[in-house]
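Comments concern the structure below.
Proteins get letters first, then strands, A, B, ... in listed order; numbering begins at 1 in each.
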Protein chains: 2
Amino acid sequence: MFTQAEENYLKAIYALENESSESISTNNIALKMETKASSVTDMLKKLAAKKLVEYKPYKGVHLTFEGEKVALKVIRKHRLWEYFLVKKLKFSWDSVHEIAEQLEHIQSDDLVNSLDAFLGFPKKDPHGDPIPDKDGIVVSNTSINMLGMKVGDVGVLNGVKDSTDAFLRYLDKKNLALGDRIKIIDIEPYDNSVYIETKTHHMSISKHVAKNLYLKNKK
Amino acid sequence: MFTQAEENYLKAIYALENESSESISTNNIALKMETKASSVTDMLKKLAAKKLVEYKPYKGVHLTFEGEKVALKVIRKHRLWEYFLVKKLKFSWDSVHEIAEQLEHIQSDDLVNSLDAFLGFPKKDPHGDPIPDKDGIVVSNTSINMLGMKVGDVGVLNGVKDSTDAFLRYLDKKNLALGDRIKIIDIEPYDNSVYIETKTHHMSISKHVAKNLYLKNKK
DNA sequence: ATATATTTTTAGACATATCTAAATTTAAAT
DNA sequence: ATTTAAATTTAGATATGTCTAAAAATATAT
Ligand SMILES: [Mn+2]
Ligand SMILES: [Mn+2]
Ligand SMILES: [Mn+2]
Ligand SMILES: [Mn+2]
């Protein structure tokens with residue numbers, strides 16, 4: 001249906017639209033995709049011709065309903081495969097992204113839906129990101145950022161903003177995993193670092209790290 | 001490492017080398033790949049430059065050791081994914097080939113080997129074809145063709161020569177499946193059709209169909 | 001042995017996707 | 001309001017993979 005390149009652009013534009021509500025610029029996309037602005041322009045024209053994006057030269061771009069549908073399908077596949085790799089093939093959560101980048105382009109509705117059923121219709125991928133369902137419906141994340149929490153608050157770690165291998169391995173090293181119950185013991189005003197308590201230990205979390213952690217409030 | 005196109009050519013050449021011991025011609029490949037001879041020539045030059053095939057213009061081509069290694073890796077992936085689709089995702093054996101054609105190009109040794117372990121190191125794919133192991137070692141098929149059997153012989157159906165959807169669906173319709181014990185009751189001299197007995201019924205098999213069935217001799 | 005047919009290769013074109021460098025448009029600064 | 005800077009687009013090139021049509025090589029027939 002669509003080429004891998006087209007799918008990757010749609011996915012990137014979708015991500016950009018969801019992380020900032022401003023109009024998406026050629027440079028935004030080039031940066032995210034590690035490519036050149038001129039390449040982006042070429043592709044935007046192609047996607048616009050296929051009615052997947054609305055594109056006004058010099059004025060930025062946004063997904064059409066159709067484009068968003070395609071992006072969500074790719075994201076669904078990406079996250080289902082990541083779940084498969086971690087839960088069935090015992091991959092670590094920091095090693096699945098690259099492989100899912102390939103698997104997300106396999107074209108077969110039957111395959112995706114059978115895989116979904118085989119996995120038991122999971123709601124979230126190994127990084128806490130929601131998995132769009134068959135119809136492209138994705139639950140909006142109600143989690144809150146650790147930076148927004150107050151001393152005494154309790155939550156369950158259920159998502160990460162940064163999904164790079166480096167950050168995920170840092171969490172592994174610190175023995176922090178999705179599902180962990182975390183209590184905010186203290187917030188250091190000097191550097192905004194957060195001192196937390198888990199079931200097994202205490203630790204200090206830098207502001208930079210706290211910014212990349214999402215928790216579900218426990219009351 | 002290699003492009004999908006390169007891998008598909010190597011796989012096709014491997015298959016041709018195994019179904020006839022003659023030198024593989026440009027036209028042979030074009031026919032098998034449903035492409036044009038000129039396209040094949042272009043690709044053969046590319047593969048020869050990469051030392052994956054030995055190619056003498058006008059004189060045909062054959063795989064180098066390196067080229068065979070790549071082909072076997074692709075075939076290993078193809079058959080493991082087919083096994084996965086049938087055994088885990090409950091696909092029918094006539095519907096997996098097309099999807100496996102895509103999945104066989106996913107690049108990750110970790111993935112293939114983990115999948116292999118997850119599946120319990122299967123020896124044969126859903127069509128009875130042997131699955132090359134981690135090191136590219138593939139057991140040669142000791143099965144015999146139904147056409148070579150005599151009246152009174154007994155065997156277990158364990159492979160098909162023709163793996164097209166049409167043939168596989170024909171076998172389903174006739175209630176013939178891999179693993180079935182089959183006894184040769186009679187061979188009709190007029191049209192070489194074979195009258196067989198299975199655990200549950202009797203039936204007549206045309207010469208054309210018999211040619212596409214492999215059995216493991218039971219004594 | 002020469003003519004004819006078949007196979008294979010080459011030449012040139014096209015589609016996709018990417019890049020560099022130059023031109024253009026828009027935004028920011030003086 | 002010009003000038004300068006930044007962002008974006010265009011022009012032209014390259015790489016991959018495919019095709020059609022023409023040329024060249026090989027095989028077959030008379
Ligand atoms: Mn990912
Ligand atoms: Mn993920
Ligand atoms: Mn197959
Ligand atoms: Mn098969």
Side-chain angles (χ1 to χ4, degrees), chain A residues 1-13 16-17 19-63 67 70-71 74 101-102 104-107, chain B residues 1-14 16-17 19-20 22-63 67 70-71 74 101-102 104-107:
Chain A
M1 207 65 192
F2 302 102
T3 67
Q4 294 199 186
E6 286 168 345
E7 289 188 340
N8 284 334
Y9 274 94
L10 293 173
K11 198 170 52 130
I13 297 167
L16 288 167
E17 282 187 344
E19 60 194 51
S20 86
S21 52
E22 291 155 42
S23 171
I24 308 308
S25 76
T26 301
N27 258 5
N28 289 160
I29 301 169
L31 221 77
K32 168 144 274 188
M33 302 198 62
E34 297 181 290
T35 183
K36 303 295 167 178
S38 57
S39 305
V40 175
T41 302
D42 285 347
M43 182 55 89
L44 291 183
K45 287 193 274 192
K46 224 173 297 177
L47 294 175
K50 294 191 178 187
K51 309 266 184 208
L52 295 168
V53 301
E54 210 164 293
Y55 167 58
K56 298 207 195 72
Y58 297 102
K59 296 297 178 189
V61 75
H62 67 91
L63 293 179
V70 176
V74 177
E101 284 294 311
Q102 297 181 60
E104 72 188 5
H105 300 295
I106 302 291
Q107 306 277 16
Chain B
M1 208 65 191
F2 302 102
T3 67
Q4 294 199 187
E6 287 168 344
E7 290 188 339
N8 284 333
Y9 274 94
L10 293 172
K11 199 170 52 131
I13 297 167
Y14 179 89
L16 288 167
E17 282 187 344
E19 61 195 48
S20 88
E22 291 155 42
S23 171
I24 308 308
S25 76
T26 301
N27 257 5
N28 289 160
I29 301 169
L31 220 78
K32 168 144 275 190
M33 302 199 60
E34 297 181 292
T35 182
K36 302 296 166 177
S38 56
S39 305
V40 175
T41 302
D42 285 347
M43 182 55 88
L44 290 183
K45 286 192 274 192
K46 222 173 299 177
L47 294 175
K50 293 191 177 187
K51 309 266 184 207
L52 296 168
V53 301
E54 211 164 291
Y55 167 57
K56 296 207 196 71
Y58 297 104
K59 297 297 177 189
V61 76
H62 67 93
L63 292 179
V70 175
V74 178
E101 284 294 311
Q102 297 181 60
E104 72 187 4
H105 300 295
I106 302 292
Q107 307 277 16

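Toward the 5' end of DNA chain C, the nearer of the two residues A/S38 and A/Q4, judged by each one's closest nucleotide, is A/Q4. Between A/M43 and A/K59, it is A/M43 whose nearest contact on DNA chain C lies nearer the 5' terminus.
Scanning all heavy atoms of the two residues, the minimum distance from B/K11 to B/E101 falls at NZ-OE2, 3.0 Å.
Using a 4.0 Å cut-off, no side-chain N or O of A/N27 falls inside it from OP1 or OP2 of D/dA6. Taking only side-chain nitrogens and oxygens, A/T41 comes nearer than 4.0 Å to OP1 or OP2 of D/dT9. Residue B/K45 places none of its side-chain N or O atoms closer than 4.0 Å to OP1 or OP2 of C/dT9. OP1 and OP2 of C/dT6 both lie 4.0 Å or more from every side-chain N or O belonging to B/Y58. At the phosphate of D/dG17, neither OP1 nor OP2 sits under 4.0 Å from any side-chain N or O atom of B/T35.
Between B/K50 atom NZ and D/dA15 atom C1' there is a gap of 11 Å when expressed in whole angstrom units. Computed from coordinates, the A/N8 CG to C/dT18 C1' distance equals 14 Å when rounded to whole Å.
For the side chain to side chain contact (heavy atoms under 4.5 Å, CB included) with A/L52, the lone residue among A/L47, A/I13, A/L63 that qualifies is A/L47.
Within the nucleic acid shown, B/T26 comes within 4.0 Å of sugar-phosphate atoms alone, with no base atom in reach, counting heavy atoms only.
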